[in-house]
Amino acid sequence: MKPFENNGTDLESGTEKDRDKSARSTKGAKLQNQALLSGLAYCFSSCSMILINKFVLSGYDFNAGISLMLYQNLISVIIVAVLSFLGVISTEPLTWRLIKVWLPVNVIFVGMLVTSMFSLKYINVAMVTVLKNVTNVITAVGEMYLFNKHHDGRVWTALFLMIISAISGGITDLTFHAVGYAWQIVNCFLTASYSLTLRRVMDTAKQYTKSGNLNEFSMVLLNNTLSLPLGILLIFIFNEWIFGSGNQLHFYVVSSSNRSYHIQVEGLIYGFLCLAVYWEVFALVSSLVGSLNKIPLSVAGILLFKVPTSLENSASIFFGLLAGVFFARAKMRERSQS
């Protein structure tokens with residue numbers, strides 16, 4: 001009987017191993033599918049968002065970028081709040097202690113969004129994507145001094161290539177606008193500051209949450225909710241409340257029906273973009289997808305808005321986009337080795 005018992009045990013053990021392999025294979029396939037879906041969602045939302053923003057800001061000569069930001073953030077808050085109320089996602093309650101800790105991060109967050117609006121009004125989409133690479137350089141230097149993080153040679157090589165492409169792209173830009181470039185430089189510093197400040201504040205913020213953790217959806221709700229009063233204040237500071245004819249309050253509600261339609265559409269896209277960015281599995285591939293996403297975005301920006309360009313400028317843009325992809329791969333390799 002023992003041989004039969006042993007055979008039975010071996011068969012059972014083999015079956016269990018097969019089941020484990022099958023389960024791991026199924027889990028891996030699900031993760032890959034979720035990563036692919038989140039990546040596609042991010043690409044679609046991000047490209048659509050930037051292109052529609054550019055269309056509204058430049059095509060309509062729209063001078064109320066802060067109002068536009070305020071509207072987008074309001075839509076994002078509504079979407080996240082509704083999903084949280086329906087139980088689709090979970091969010092942390094916004095306590096006063098959490099708000100006080102998070103306020104410095106939010107101020108930088110609002111500055112980052114506002115300067116992005118201002119720069120996009122004057123600079124073509126392709127050059128904006130290349131100039132944004134400067135943010136990676138500032139962030140890498142900040143990580144060295146604030147967190148004692150050392151980067152390998154591949155990362156520094158990619159960062160050097162980014163700097164070269166940004167400088168050469170600016171020199172050869174046929175649509176160069178000094179004001180737009182100034183806003184974009186400020187945006188790069190604010191974006192890097194947001195990333196670095198977020199790391200320092202995150203651990204403290206978690207101590208003031210109910211669950212002891214701060215998930216991505218709670219961050220979306222927290223950032224966009226706190227941005228509303230600050231956005232309203234900036235609207236009055238920059239005199240956007242008298243945008244248009246007379247003294248009529250316009251904010252983000254504008255007279256042109258076509259313009260209003262585009263703004264409403266991009267408000268919804270921004271809400272879904274926030275969800276796509278913070279999709280849990282997407283964090284695994286965010287840097288690489290974000291870099292690859294810039295290639296079709298730049299091409300679409302040049303073609304849709306009929307941006308005049310030269311061979312030198314096109315080469316600089318393409319060079320910068322490849323440097324961004326190289327940087328993302330180098331960072332992923334660096335993380336896997338750490």
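In what follows, every heavy atom counts, from backbone to side chain, and hydrogens, waters and symmetry copies are set aside.
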Worksheet entry | S119 side-chain N/O to S116 backbone N/O, donor-acceptor pair under 3.5 Å | yes
Worksheet item: Is a side-chain donor or acceptor of N133 paired with a backbone partner of G320 at a separation under 3.5 angstrom?
Response: yes
Worksheet item: Transitively linked via ILVMFWY side-chain contacts under 4.5 Å: V186 with I138?
Response: no
Discussion item. Could you measure the distance from the CD1 atom of I317 to the CG atom of N124? Nearest 0.5 Å is fine.
Written reply: 6.0 Å
Worksheet item: Taking a hydrophobic cluster as the set of Ile, Leu, Val, Met, Phe, Trp and Tyr residues connected by side-chain heavy atoms closer than 4.5 Å, whether directly or through intermediates, do L174 and V299 fall within one such cluster?
Response: no
Worksheet item: Near F160 CZ, under 6.0 Å, is it more than 12 heavy atoms from other residues, nucleotides or ligands?
Response: no
Worksheet entry | Qualifying salt bridge (Lys or Arg N to Asp or Glu O under 4.0 Å) pairs with a residue from residues 148-172, counting only residues at least two apart or across chains | none
Discussion item. Keeping K54 on the side-chain end and L120 on the backbone end, is there a donor-acceptor pair under 3.5 Å?
Written reply: yes
Discussion item. Angle between ring planes, H151 versus W156, binned at 30° and 60°: parallel, tilted or perpendicular?
Written reply: perpendicular
Discussion item. What's the separation between atom OG in S84 and atom CZ in F217, rounded to the nearest 0.5 Å?
Written reply: 10.0 Å
Discussion item. Quick check on Y181: does its OH atom have over 12 non-hydrogen neighbours (other residues, nucleotides or ligands) under 6.0 Å away?
Written reply: yes
Worksheet item: Does F176 CZ have over 12 foreign heavy atoms under 6.0 Å away?
Response: yes
Discussion item. Hydrophobic clustering (ILVMFWY, side-chain heavy atoms < 4.5 Å, transitive) - are I185 and I171 grouped together?
Written reply: no
Discussion item. Testing the basics here: between S314 and T309, what is the closest heavy-atom pair and its distance to 0.1 Å?
Written reply: OG-OG1, 3.2 Å
Discussion item. Please check: side-chain N/O of K121 versus main-chain N/O of L57, any donor-acceptor pairing under 3.5 Å?
Written reply: yes
Item to complete: For K331 and E143, run salt bridge (charged side-chain N to carboxylate O under 4.0 Å, His left out): C-alpha distance rounded to whole Å, both residues' side-chain angles, the deciding distance at 0.1 Å, then the answer.
Response: CA-CA 13 Å; K331 287 291 288 183; E143 288 175 339; 3.8 Å; yes
Discussion item. Testing the 3.5 Å rule here: is there a donor-acceptor pair between the side chains of T172 and E312?
Written reply: no
Worksheet entry | Path from V125 to L322 over hydrophobic side-chain contacts below 4.5 Å | no
Worksheet item: So does R199 have more than 12 non-hydrogen atoms from other groups sitting under 6.0 Å from CZ?
Response: yes
Item to complete: Calculate, to the nearest 0.5 Å, the distance between atoms CD1 and CG belonging to I164 and L159 respectively.
Response: 12.0 Å
Worksheet entry | Check: N106 side chain, N223 main-chain N or O, donor-acceptor pair, under 3.5 Å | yes
Fill in: Donor-acceptor contact below 3.5 Å, side chain T225 vs main chain L222
no
Worksheet item: Can you find a side-chain donor-acceptor pair between Q72 and N53 that sits under 3.5 Å?
Response: yes
Worksheet item: Any donor and acceptor pair, going by atom type alone, linking the side chain of S195 with main-chain N or O of A192 inside 3.5 Å?
Response: no
Worksheet item: What distance do T197 atom OG1 and W102 atom CH2 have between them, rounded to the nearest 0.5 Å?
Response: 10.0 Å
Worksheet item: Does I99 share a hydrophobic cluster with L214, counting links as ILVMFWY side-chain heavy atoms below 4.5 Å and allowing steps through other members?
Response: yes
Worksheet entry | side-chain hydrogen bond (donor to acceptor under 3.5 Å, both in side chains) evaluation trace for Q184 with T115 | CA-CA 7 Å; Q184 185 55 53; T115 53; over 6 Å; no
Worksheet item: To the nearest 0.5 Å, what is the distance between CG (D203) and NZ (K206)?
Response: 6.0 Å
Worksheet item: Looking only at atom types and distance, does a side-chain atom of E92 sit under 3.5 Å from a main-chain N or O of K210, one as donor and one as acceptor?
Response: yes
Worksheet entry | Distance-only donor-acceptor check, side chains N213 and S211, under 3.5 Å | no
Worksheet item: Is there a donor-acceptor contact under 3.5 Å from the side chain of T191 to the main chain of T135?
Response: no
Worksheet item: How many angstroms lie between atom CZ of F326 and atom CE of M162, to the nearest 0.5 angstrom?
Response: 9.5 Å
